[in-house]
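Right, one structure below, let's go through it.
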Amino acid sequence: MSRYNARVVEPKWQAAWEKAGTFTARRDPARPKYYVLEMFPYPSGRIHIGHVRNYTMGDVIARYKKANGFSVLHPMGWDAFGMPAENAAMDKGVHPGDWTYQNIADMRSQMKPLGFSIDWAREFATCDPEYYGQQQKLFLDMLDAGLVYRKNAVVNWDPVDMTVLANEQVIDGKGWRSNAEVERKELTQWFFKISDYSEELLEAIDTLKDWPEKVRLMQANWIGKSRGLEFGFRTLDAPEGFDTLDVYTTRPDTLLGASFAAISPDHPLAKALEVREDIATFNAECRKTGTSEEALEKAEKRGIDTGIRVVHPLDPNWELPVYIANFILMDYGTGAIFGCPAHDQRDLDFARKYGLPVIDVYQDMNAGKPVEAEAYVPPKTEPVRYVKLLAGDEIMTGNDAVDAAIDYCESKGIGTGVTKFRLRDWGISRQRYWGCPIPVVHCDACGVVPEKTENLPVTLPKDVTLDAPGNPLDRHPTWRDTECPSCGGPAKRETDTMDTFVDSSWYFARFTSPEAKTPTEADDVAYWMNVDQYIGGVEHAILHLLYSRFFARAMHKTGHLPREAIEPFNALFTQGMVTHETYATRSDTGRVIWHAPDEVTLSGDKAHLKDGSPVEIGPVIKMSKSKKNVIDPEDIIDQYGADTARWFVMSDSPPERDVEWTAAGAEAAWKHLQRVWRLADEIRQSADEASPDGGSEEALALKKATHRAIADVTQGIEGFAFNKSVAKLYELTNVLAKSKAPAAEKLETVNVLARLMQPLTPHLAEEIWHALGQATLISDADWPVADPALLVEDEITLPIQINGKRRAEISVAKDASRETIEALALADAAVQKVLDGADPKKIIVVPGRIINVVL
RNA sequence: GCGGGCGUGAUGGAAUGGUAGACAUACCAGACUUAAAAUCUGAGGGGCGUAUGCCCGUGUGGGUUCGAGUCCCACCGCCCGCACCA
């Protein structure tokens with residue numbers, strides 16, 4: 001008996017696939033196409049188990065579709081721009097480009113042994129000038145189409161390092177390197193007009209039938225369409241030019257419950273008032289909060305009375321104070337609100353803190369009572385009783401009241417009903433080196449001028465230093481100097497680079513013709529787009545997927561994608577994350593230092609480093625390089641081979657759920673694959689000896705089990721329930737091992753088993769296929785088809801419940817009538833005993849399922 | 001804070017509103033072996049009982065239903081996202 005040696009077998013078949021071009025994607029008009037894509041990785045340098053899980057899922061789909069006759073595109077690339085390369089450059093003195101390409105080489109060499117059915121000829125990295133040059137072309141086309149503009153926006157500013165910080169680099173309001181208090185600073189930034197598509201991006205969510213409902217919900221909430229009233233308060237004692245204060249509200253029905261107005265510290269009026277020292281101080285304090293919405297919302301709610309008052313639009317004698325408040329966002333609405341404490345918890349907290357009145361507008365229909373500690377905020381769909389009625393009926397839902405209030409205010413000329421979206425335009429400027437240069441030039445004479453297409457790509461200079469903070473492109477002695485594409489005079493290049501989300505917003509289209517001299521090639525996108533199945537982490541549910549949907553529309557508008565491709569991902573699967581405990585110690589200055597699992601020794605529920613110092617065991621969170629809680633899959637591959645790693649990550653955990661990595665189980669996977677090989681080998685040998693054993697009854701039983709397995713494994717793959725497919729493969733193996741069927745029948749089952757396992761463990765499947773004497777590759781073999789006639793059972797077992805508890809079971813013919821089943825159930829001894837001669841109140845018979853006798 | 005999700009044996013997890021715990025891991029017992037490993041066989045949610053069996057069990061508390069892990073409401077815990085992390 002030959003032993004299965006993955007170390008020898010796996011490279012052999014990988015070489016065979018490469019030689020035969022088995023996974024080369026070809027445009028084949030005779031076959032339907034299938035484009036399967038997993039979100040491409042950031043080249044951190046090491047693949048981790050999350051990658052293995054992600055790409056194995058895609059590979060199972062790709063191989064399964066190929067076996068079903070599709071022409072499959074399954075590419076791979078690298079999301080290669082971004083901060084970690086600059087951090088590595090600063091920490092280790094390497095060039096970001098060298099670091100990145102070395103990481104790519106390392107990761108490719110770790111990925112290839114996994115035997116994925118990837119067309120490696122299409123590989124590219126977003127930091128290749130050939131890629132980002134085409135991205136610059138897209139940028140210029142979008143600029144031309146009016147989808148790009150400049151405006152001021154705030155960034156996190158580190159006053160010590162004199163550099164812009166990402167939100168991730170702001171920790172508790174302080175810079176991660178300098179530990180200095182972060183400030184907000186305004187810069188002129190480039191923006192994509194995603195808001196032009198707010199309505200369309202929202203409505204088209206309905207067409208994304210094969211996306212998870214939760215992602216569609218999150219996107220809809222993110223876009224955040226709301227209907228409300230915009231109106232101007234007349235101001236008293238305000239600085240010149242601020243005669244009115246425009247506010248937006250989604251609850252105009254609560255206008256009679258207003259007790260104050262509040263503006264953002266970034267509101268123009270707030271800035272105009274900074275001549276007052278207390279207000280200047282207050283605003284400066286507010287600006288120390290980071291720019292993230294989370295930081296703003298979590299900050300303690302604070303305000304300052306400006307002394308300005310506004311006149312209530314419905315009563316000229318009613319004056320409200322105007323506060324500057326740190327929880328008002330300048331980015332949403334007009335940056336100013338009116339506060340209605342009775343029906344908004346935040347407003348109520350604010351009113352209690354500053355001694356402002358609380359005026360009830362509506363109350364519960366039944367148990368109406370004035371608001372005290374808790375604001376009364378029922379759903380807008382619930383009818384309530386209005387005690388301060390602006391318009392409409394006394395009893396109505398919030399939604400009806402809002403409509404009535406808007407109509408009323410419009411008729412009185414107080415304001416206008418407007419639709420607003422929460423979605424903001426996409427700021428893409430980054431003051432960083434390692435990104436795609438924004439291809440424009442600043443000319444003293446001509447202003448901002450787009451670079452000429454023939455001068456693309458605008459490449460990054462290699463000779464930069466990252467030992468000082470800030471953008472090296474800014475400091476570079478010559479790179480900035482250029483001539484104006486318009487007047488030919490001396491000019492300066494834009495030194496901002498693009499957000500790395502831009503890179504990942506169209507790479508899927510580029511894979512269809514990665515070497516084209518234009519961003520896309522019409523024939524190729526027409527054949528390959530859309531992505532039929534997109535697979536990636538749920539953490540990308542909003543930003544990446546929304547930006548890609550916008551980009552597809554922008555690319556259609558600029559002629560780079562057909563109309564049919566404006567929703568680029570037909571089906572989406574969001575896999576769960578691979579999580580792991582985190583391990584941390586603290587430096588002398590109190591800074592958190594993270595430790596990798598292999599640096600930590602666990603004993604019971606305690607952990608310590610090799611030097612014995614105690615380690616805090618942190619929460620189980622997604623594996624990330626920054627928290628160091630990553631597991632290296634290479635160990636498993638080295639020890640057991642790729643098939644074991646693939647089998648292991650696909651078994652047990654349902655793919656959409658998070659899985660906490662534990663080392664136990666890899667060996668079990670390996671044992672099982674050894675068992676399959678041994679079994680196949682034994683059966684092949686016994687078939688050679690042609691020993692006639694078993695009878696036709698066993699043959700039929702095995703045949704049925706085999707076809708049952710075909711149906712179940714297929715269903716598992718189709719439904720992204722790979723763990724269930726694996727369980728069914730275990731079952732079939734167990735049945736086969738115990739079967740007394742004739743060798744020929746067993747051999748047939750081995751043939752099917754190999755083909756069913758091929759997407760999961762392709763190398764083992766090839767080896768068995770070869771041993772069975774097949775001259776072809778199993779990777780080219782057809783998917784087995786279940787015979788429906790073999791899937792039905794003649795006799796089925798039905799459980800009998802008495803009052804909903806299972807008490808007995810009976811065996812009936814599969815097509816037995818309701819009456820027959822009922823009679824059989826009533827005749828059952830257990831039922832007879834409980835009935836004790838009486839008639840049951842009710843009998844529920846669900847044919848093929850269950851019988852419930854109700855007493 | 002806001003938006004979204006998840007919660008089932010010791011463990012990973014099965015279960016179109018219809019027999020809770022498929023399949024697997026770990027543990028235990030047995031076979032083989034001088035022995036161990038490997039392999040094979042078997043038992044097992046908890047409680048009571050010799051047993052037929054009975055009671056209790058899907059984070060907690062309510063509800064809908066002939067029937068709830070599944071649907072609804074409230075709560076608890078954990079996870080993801082929050083626009084400059086990728």
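By convention in this document, chain letters (A, B, ...) are assigned in the order of the sequence lines, proteins followed by strands, and residues within each chain are numbered from 1.
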*For A:Phe501 and B:C82, what is the distance between atoms CZ and C1' respectively, to the nearest whole Å?*
12 Å
_Distance, C1' atom - from B:U64 to B:C71, rounded to whole angstrom_ = 8 Å
*asked:* I need the A:Met57 CE to A:Glu38 CD distance, nearest 0.5 Å.
replied: 10.0 Å
*Would you say a side-chain N or O of A:Ser653 is under 4.0 Å from OP1 or OP2 of B:G13?*
yes
*Take atom CD of A:Glu213 and atom C1' of B:G5, then tell me their distance rounded to the nearest Å.*
13 Å
_Check the phosphate of B:C40 against A:Lys738, side-chain N and O only, distance under 4.0 Å to OP1 or OP2. Yes or no?_
no
*What distance, rounded to whole Å, do you find between the two P atoms, one in B:C32 and one in B:U58?*
44 Å
*Take A:Lys728 and A:Leu165, find for each the nucleotide of RNA chain B with the closest heavy atom, and name the residue whose nucleotide sits nearer the 5' end.*
A:Lys728
*If anything within 90° of 0 is syn and all else is anti, what is B:G4?*
anti
*Do A:Asp91 and A:Arg177 meet the salt-bridge criterion of a basic N to acidic O distance under 4.0 Å?*
yes
*Within less than 4.0 Å of OP1 or OP2 of B:C2, is there a side-chain N or O belonging to A:Asn221?*
no
*Start with the C-alpha gap between A:Phe648 and A:Tyr640, add the side-chain angles, then the distance that decides, and say whether ring pair (Phe, Tyr, Trp, His ring centres under 6.0 Å) holds.*
CA-CA 11 Å; A:Phe648 178 56; A:Tyr640 303 111; 9.2 Å; no
*Establish, with yes or no, whether the OP1 or OP2 oxygen of B:C82 is under 4.0 angstrom from a side-chain nitrogen or oxygen of A:Ser292.*
no
_Among B:C66, B:C84, B:A20, the one nearest A:Val854 by side-chain distance_ = B:C66
*Which of these nucleotides, B:A15, B:G1, B:U19, is closest to any side-chain atom of A:Lys724?*
B:A15
*Is there a side-chain polar atom (N or O) of A:Arg675 under 4.0 Å from OP1 or OP2 of B:C40?*
yes
*Whole angstrom is fine here: how far is it from CG in A:Asp652 over to P in B:G21?*
18 Å
_Value in whole Å for how far the C1' atom of B:G17 lies from CD1 of A:Ile844_ = 12 Å
*Polar side-chain contact A:Glu293-B:C82 base: donor and acceptor under 3.5 Å*: no
*Using only side-chain N and O atoms of A:Asn723, determine if any of them is under 4.0 Å from OP1 or OP2 of B:A22.*
no
*Is A:Lys671 near enough to B:A38 that one of its side-chain N or O atoms lies under 4.0 angstrom from OP1 or OP2?*
yes
*Check the distance between B:U19's P and A:Arg849's CZ and give it to me in whole angstrom.*
7 Å
*If B:G45 has a Watson-Crick or G-U wobble mate with both distances under 3.5 Å, name it; if not, just say none.*
B:C56
*Nearest to side-chain heavy atoms of A:Arg678, which nucleotide of B:U39, B:G1, B:A83*: B:U39
*Interatomic distance, A:Leu543 CG vs B:C80 P [rounded to whole Å]*: 16 Å
*Got a salt bridge between A:Asp331 and A:Arg424, using NZ or NE/NH1/NH2 to carboxylate O under 4.0 Å?*
yes
*Between B:G18, B:A14, B:G4, which one does the side chain of A:Val846 approach most closely?*
B:G18
*Select base, sugar-phosphate, or nothing to describe what A:Asn852 touches, counting heavy atoms under 4.0 Å on all strands.*
base
*asked:* Under a 4.0 Å threshold between the charged nitrogen and the carboxylate oxygen, would A:Lys151 count as salt-bridged to A:Glu186?
replied: no
*Is there a donor and acceptor pair closer than 3.5 Å between the side chain of A:Glu539 and the base of B:C82?*
no
_Nearest to the A:Arg657 side chain among B:A14, B:C82, B:A86, which nucleotide is it?_
B:A14
*Would you call A:Asp266 and A:Arg287 a salt bridge, using N to O less than 4.0 angstrom?*
yes
